[in-house]
*Asks:* 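One structure follows; several queries about it will come next.
Heads up: numbering here begins at 1 and tracks the sequence. Indexing begins at 1, ligand by ligand and atom by atom, following the structure's order.
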Amino acid sequence: KVEIREGLVSVIVPDLSKYIVGNRPEPAHAPVFYNPRMEVNRSLSTAIINGYIGYMNKAGITICEPLSGTGVRAVRYAREVNGVSRVIANDISERAYELIRLNVDKNGLNDVVSVYRDDANNLLLRLAREGGCDVVDIDPFGSPQPFIENSLRAVRDQGLLCVTATDVGVLSGKYPIKCVRRYGALPQKFPFRFEVGIRILISMIARYALSMDYGIQPLVSFLDGHYYRVCVLILKDRAYALETLRNLGYAYYRLSTLQRGFIPGYPIPTNTRYRLAGPLWIGNLWDAEFLMNHFMSNVKDYFSDRAREISKLIVEEALGPNIPYALTTEISRDLGRELPINDVIGVIRGLGYQAVRSHFHIKGFRTNADLLRVREVIIGK
Ligand code: SAM
């Protein structure tokens with residue numbers, strides 16, 4: 001075991017140098033799971049929860065993390081979230097449970113963090129019966145699907161549900177049938193397939209919510225390498241359920257015209273002329289007001305460079321149009337060379353249209369311009 005510093009806390013974690021597979025440490029092989037790359041996820045989550053407290057004018061919130069691993073996330077929430085009154089940490093593994101207790105104790109947080117060793121779904125159901133939590137954070141191996149229904153029960157009205165999914169390959173079209181089985185939606189290998197994936201993930205949460213007469217509203221969504229992260233408000237009111245229903249539909253893409261967009265209609269799309277992916281979330285992936293006025297001010301200097309870089313990218317992206325991103329390769333295909341992303345954005349803005357970078361892909365941008373026209377202008381240059 002080694003001691004590491006992350007955010008404002010120090011915690012004991014397994015020594016990953018003892019679990020090398022190939023030439024890389026493999027967190028899943030350690031007796032308790034700890035992935036240092038997830039610092040980005042944890043840091044941004046503290047900023048999101050702090051932002052949520054300001055946005056919703058909350059005080060003394062309770063946060064539940066039913067899949068805690070080493071407890072690093074729960075301990076960070078207890079230390080870094082303003083005015084948090086209680087954090088519930090839990091893991092089914094005995095060794096994880098012992099390590100969480102050690103880390104809570106080491107940071108002097110015994111009065112804030114309660115530690116349990118239970119099955120996550122049992123814990124969530126018990127919490128729901130006892131009045132629920134303001135924030136539920138689901139950070140599993142692979143798909144979060146098994147925990148969504150009970151998370152929706154455990155989160156209070158106007159609470160925040162934060163979900164990680166590490167099965168990006170499944171959601172973004174590598175294993176389409178697996179995605180249909182697990183998420184009830186068909187992905188497609190569209191140029192914007194990473195956006196299709198995150199929208200399928202949100203639609204899965206939305207459909208569980210609808211079945212319970214709840215609505216959802218995404219505050220923040222992002223992709224960071226091997227995982228998706230979405231944080232959505234849960235609104236326990238039938239009027240919001242009806243609004244949520246209107247935000248489900250399909251995504252389309254036409255290779256011949258480079259057109260892309262969304263088609264409303266759930267469960268049946270209103271137009272079936274194109275090849276479709278879905279059902280998926282067709283509403284906004286971000287709440288731009290939340291990001292600008294409540295999130296950004298909670299992104300701290302002590303977060304990693306990567307965490308701060310993603311924050312800036314998603315704030316910029318949230319101001320772009322709600323149209324799937326395109327790739328520079330799509331419009332420079334006939335050019336014989338690739339145009340840098342900033343040049344493409346410059347050309348489009350010069351034509352008088354919106355264009356912003358997309359964090360989903362290094363060559364990705366969001367625009368409301370006709371991409372065939374952009375391609376012509378670029379080729380003519
Ligand atoms: N959230 C942690 C972090 O930020 O470092 C990492 C959690 S790790 C990806 C997932 C954890 O879930 C593992 O520690 C595993 O033991 C635990 N787990 C798996 N199935 C569970 C279940 N049904 N109930 C409770 N814990 C479970």
*Asks:* Quick one: which residue pairs count as a salt bridge (Lys or Arg N to Asp or Glu O under 4.0 Å) with a foot in residues 105-116, not counting sequence neighbours?
*Replies:*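 As it turns out, the salt bridge (Lys or Arg N to Asp or Glu O under 4.0 Å) pairs with a partner in residues 105-116, which skip direct neighbours, are Glu3-Lys106.
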*Asks:* Give one line per pair: atom of ligand 1, protein atom, distance. Only N/O to N/O under 3.5 Å.
*Replies:*
| residue | atom | partner | partner atom | Å |
| --- | --- | --- | --- | --- |
| ligand 1 | 1 (N) | Glu65 | OE2 | 2.7 |
| ligand 1 | 1 (N) | Leu67 | O | 3.0 |
| ligand 1 | 1 (N) | Asp139 | OD2 | 2.7 |
| ligand 1 | 4 (O) | Arg42 | NH1 | 3.1 |
| ligand 1 | 4 (O) | Arg73 | NE | 3.0 |
| ligand 1 | 4 (O) | Arg73 | NH2 | 3.4 |
| ligand 1 | 4 (O) | Asp139 | OD2 | 3.2 |
| ligand 1 | 5 (O) | Arg42 | NH1 | 3.0 |
| ligand 1 | 14 (O) | Asp91 | OD2 | 2.7 |
| ligand 1 | 16 (O) | Asp91 | OD1 | 2.7 |
| ligand 1 | 23 (N) | Asp119 | OD1 | 2.8 |
| ligand 1 | 24 (N) | Ala120 | N | 2.8 |
| ligand 1 | 26 (N) | Ile92 | N | 3.2 |

*Asks:* State, to 0.1 Å, how close Thr328 and Ser332 come at their nearest heavy-atom pair, and which atoms those are.
*Replies:* O-OG, 2.8 Å
*Asks:* With Asp224, which of Arg229, Arg37, Arg306 fulfils salt bridge (charged side-chain N to carboxylate O under 4.0 Å, His left out)?
*Replies:*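 Option passing the salt bridge (charged side-chain N to carboxylate O under 4.0 Å, His left out) with Asp224: Arg306.
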*Asks:* Angle class for the His294/Phe290 ring planes (parallel below 30°, perpendicular above 60°, tilted otherwise)?
*Replies:* parallel
*Asks:* Distance from Tyr77 atom OH to Ile63 atom CD1, nearest 0.5 Å?
*Replies:*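 Between atom OH of Tyr77 and atom CD1 of Ile63 there are 7.0 Å.
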*Asks:* How close do Arg207 and Ile200 get, counting heavy atoms only, and between which atoms?
*Replies:* NH2-O, 4.4 Å
